**Q** 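I'd like to ask some things about the structure below.
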Amino acid sequence: MASEPIKVYLRFRPLSNQESEQNDDIMWNLNKNSVSIQAEDLNLFINDKKISSNYNPSFQFDYCFSWDSNNQEIYAKVAKNQVLSALDGYNATIFAYGQTGSGKTYTMLGKQEDSKVLASRNMNIEYSEKTLEKNIESRSENYEGIIVLALEDIFSVVKGCSDRKFYFSCSYMEIYNEHVYDLLKPPEEFTNEILDVVEGPGKEFVVRGLSEQVVSSISEVLESLYKGEQNRHYAATNLNHHSSRSHTIFKLNVKSLSVIPKTGDCEESDKYENITTESAINFVDLAGSEKIKTLQAAAETEKFKSSQFSALSYKSDIDRIMAEGKNINTSLFYLCQVINKLSEKKLGIIKSDSHIPFRNSNLTKILRSSLAGNSRTCIICTATAAKSQFEQTLSTLRFGNSARSITNKVRANIKTETNTQLLLTYEQDIASLKRELELTYQRGKAYSSETLVIRQQLESKIANMSKKILKKNIINVIRMVKVKEIKELHCPKVGNLFSSNVSEASKKYMTWENEKFTDKGYSVYKELQVVDREKKNLLNNIVNINNSMNCLAVANQSLAKEREKYEEIIEKAVVEKENLEREYVKIESEKIGLEKMTRLFECPEAAEDLNDEALETFECLLLKRISDIKEERAKRKYESMYKVFLSKVEAFV
Ligand SMILES: Nc1ncnc2c1ncn2[C@@H]1O[C@H](COP(=O)(O)OP(=O)(O)OP(=O)(O)O)[C@@H](O)[C@H]1O
């Protein structure tokens with residue numbers, strides 16, 4: 001995750017007719033990246049005690065656009081990169097902040113006429129591919145705002161992307177008097193339902209029940225946008241006869257899918273990787289702040305009165321405008337509070353774990369992920385350089401300056417999945433859609449027309465996903481069958497077990513190819529599943545037998561080794577036994593000889609019975625015995641004499 005500062009830009013609008021008529025003057029000095037008060041005006045304000053003498057306000061921005069800049073320049077410098085990076089999985093937020101009549105809506109939506117005229121004008125635009133190219137080429141001639149310019153860029157890039165498939169959906173919400181409304185509802189249903197802002201699992205706030213329109217072309221997106229514009233709250237204020245009385249967020253969700261071959265060994269069914277990106281671009285047009293006393297003055301002008309029909313409606317309209325103004329100011333106050341806290345945290349003025357009051361308003365809840373989350377965010381501060389609006393402009397500049405120190409943690413939302421994982425994701429999506437559907441039923445609105453529409457949408461999504469899963473499952477089964485066919489070539493025994501099932505399955509695959517998702521196709525698929533199960537069982541058996549055989553082979557090997565060991569021992573024992581036998585024979589014969597000798601000594605006359613050879617042997621033995629005895633005696637005698645000699649030598653020494 002990379003840290004990325006929120007980019008903050010300043011845009012001054014030209015002086016309005018009203019300002020020019022009142023001979024208002026431009027009082028700000030603009031540089032590329034900074035803005036300050038012109039020297040003569042500074043002295044004037046100090047003399048009038050509007051600012052203190054030691055205060056010379058100068059504010060830094062990522063870029064300051066002067067009153068003669070047009071929307072195309074702003075878009076190219078501020079939003080283009082952010083918008084296009086959404087196609088690579090980065091979330092983006094572009095929002096306009098400034099006092100009423102400073103040019104926020106002009107920047108986001110372009111030159112506004114009456115909203116209904118605008119809506120019908122734009123809804124009639126047929127955004128053919130030619131129109132798209134022509135618009136991009138001749139941008140300086142038109143008045144389109146950042147949203148349209150961004151859409152033109154997005155759809156032009158997508159058109160040139162042949163290796164990726166893109167999916168878009170959009171939503172459009174309004175926060176009016178602190179209530180959230182779905183601007184994409186039909187006008188007659190629009191104000192009926194106030195939507196809840198709830199905390200999602202990823203700690204992100206989401207608007208429950210906000211509708212999402214699936215769109216696939218620029219004209220479809222614009223149709224939704226201008227449909228929503230028709231629902232939006234506008235009123236006349238002192239500075240703007242067509243003032244937005246609500247904050248709006250137009251969100252474009254972008255998903256893309258590309259499939260690439262996988263390298264390395266892998267299952268047949270996982271030979272490809274599916275790379276998906278998922279992102280959202282938020283276009284935020286805030287309502288403009290206005291001093292309450294200015295609002296009151298505006299409400300009481302003749303111009304305003306003449307636009308009303310009765311005294312009663314006049315009174316209630318004043319009350320409404322005052323309430324709107326207070327709500328706008330309150331929510332903008334909470335937004336400033338959040339921006340200031342985030343900035344102080346970043347600058348180390350407050351602790352890094354300090355509480356940021358996002359929960360104070362729906363606006364700050366919804367903008368949390370853009371101001372302190374995963375989003376490439378840029379803020380366009382719109383203002384007037386007119387002297388009469390000095391205080392409001394100063395407050396906008398302060399807001400921008402604080403926002404510049406905030407950083408977000410940004411990462412691309414990219415997922416790489418194999419077919420199996422993708423299937424799992426689809427299954428999980430289906431499960432969560434089913435849960436959502438179940439919840440909708442439980443809320444007891446199952447039979448209201450609105451719920452029926454949601455249900456139909458969810459059911460069609462489920463049906464689409466089920467079809468995808470079904471198709472992928474069948475492809476997997478076919479692939480496995482093919483693998484078995486190949487195995488059959490190499491392992492005929494196993495092959496025989498399968499051959500009948502395989503050819504049966506192949507035939508059924510052909511049937512399926514022809515009949516796709518008809519009932520027959522579905523029953524073929526079911527049968528294929530049975531074949532698949534049988535095949536798996538057989539394979540399991542073979543694996544088990546193989547395992548047993550392996551065990552036996554191992555046991556056999558260790559027995560052979562044991563046997564070799566014992567054979568060696570036996571061989572040695574045999575040799576030893578033979579040696580012992582020989583020894584025994586020798587000892588036995590010696591014993592016999594000695595016994596005979598003993599007998600001859602005891603009875604010498606017995607020698608007369610001996611033959612010549614035995615007599616000679618006896619003689620040899622006798623002589624040897626005598627010589628041994630003599631030798632023994634001589635040795636003993638010598639040893640005793642040597643001892644005597646040694647003792648004498650010792651005695652002598
Ligand atoms: N840069 C600009 N060039 C020419 N005209 C502009 C420019 N910015 C604003 N205007 C004009 O000023 C008027 C007020 O602008 P816009 O409605 O955009 O203000 P806003 O900030 O959205 O006000 P609010 O908060 O009250 O809705 C409009 O008539 C618009 O056409």
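In this text, all values refer to a predicted model and were calculated from it rather than measured experimentally. Order of appearance sets the numbers: ligands from 1, and atoms from 1 within every ligand.
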**Q** Can you tell me how far apart OG (Ser375) and CG (Asn282) are? Round to the nearest 0.5 Å.
**A**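 That separation rounds to 6.5 Å.
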**Q** Less than 4.0 angstrom from a charged side-chain N to a carboxylate O is my criterion; do Lys7 and Asp62 meet it?
**A**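 Between Asp62 and Lys7 there is no salt bridge, as every charged N stays at least 4.0 Å from the carboxylate O atoms.
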**Q** Is there any N or O on Ser102 that sits under 3.5 Å from an N or O of ligand 1?
**A** yes
**Q** Are any of the N/O atoms in Thr100 less than 3.5 Å from those in ligand 1?
**A** yes
**Q** Would you mind running through ligand 1 and noting each atom that sits below 4.0 Å from a heavy atom of Gly288?
**A**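 Under 4.0 Å from Gly288, ligand 1 has these atoms: 25 (O).
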**Q** Just distances here: any N/O of Thr105 and N/O of ligand 1 closer than 3.5 Å?
**A** yes
**Q** Is it the case that Thr396 and Thr393 place a side-chain donor and acceptor less than 3.5 Å from each other?
**A** no
**Q** Between Glu174 and Lys185 (salt bridge meaning N to carboxylate O under 4.0 Å), is one present in this structure?
**A** no
**Q** I need the atoms of ligand 1 closer than 4.0 Å to a non-hydrogen atom of Gln99, numbered in the order shown.
**A** 21 (O)
**Q** Between Gly103, Gly110, Gly145, flag the one that comes closest to atom 9 (C) of ligand 1 by a heavy atom.
**A** Gly103
**Q** For residues Asn71 and Arg11, is any side-chain donor paired with an opposing acceptor at under 3.5 Å?
**A** yes
**Q** With only distance considered, is Gly101 within less than 3.5 Å of ligand 1 through an N or O on each side?
**A** yes
**Q** Would you indicate whether the side-chain heavy atoms of Ser36 and Phe59 approach each other to under 4.5 Å?
**A**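 No. Closest side-chain heavy atoms not under 4.5 Å.
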**Q** Hey, is Pro14 touching ligand 1 through its side chain, its backbone, both or neither, going by heavy atoms under 4.0 Å?
**A** side chain
**Q** With side chains defined as the heavy atoms from C-beta onward, is the minimum distance between Leu30 and Phe65 less than 4.5 Å?
**A**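 Answer no - side chains too far apart.
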**Q** Checking ring-ring contact (aromatic ring centres under 6.0 Å, His included) between Tyr172 and each of Phe250, Tyr226, Tyr181, which is the one that passes?
**A** Phe250
**Q** Quick one: does Tyr106 get an N or O within less than 3.5 Å of an N or O on ligand 1?
**A**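 So ligand 1 has an N or O lying under 3.5 Å from an N or O of Tyr106.
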**Q** Does Ser16 come within less than 4.0 Å of ligand 1, judged by its heavy atoms?
**A** no
**Q** Counting from 1, what ligand 1 atoms have a heavy atom of Lys104 closer than 4.0 Å?
**A** 18 (O), 19 (O), 20 (P), 21 (O), 22 (O), 23 (O), 24 (P), 25 (O)
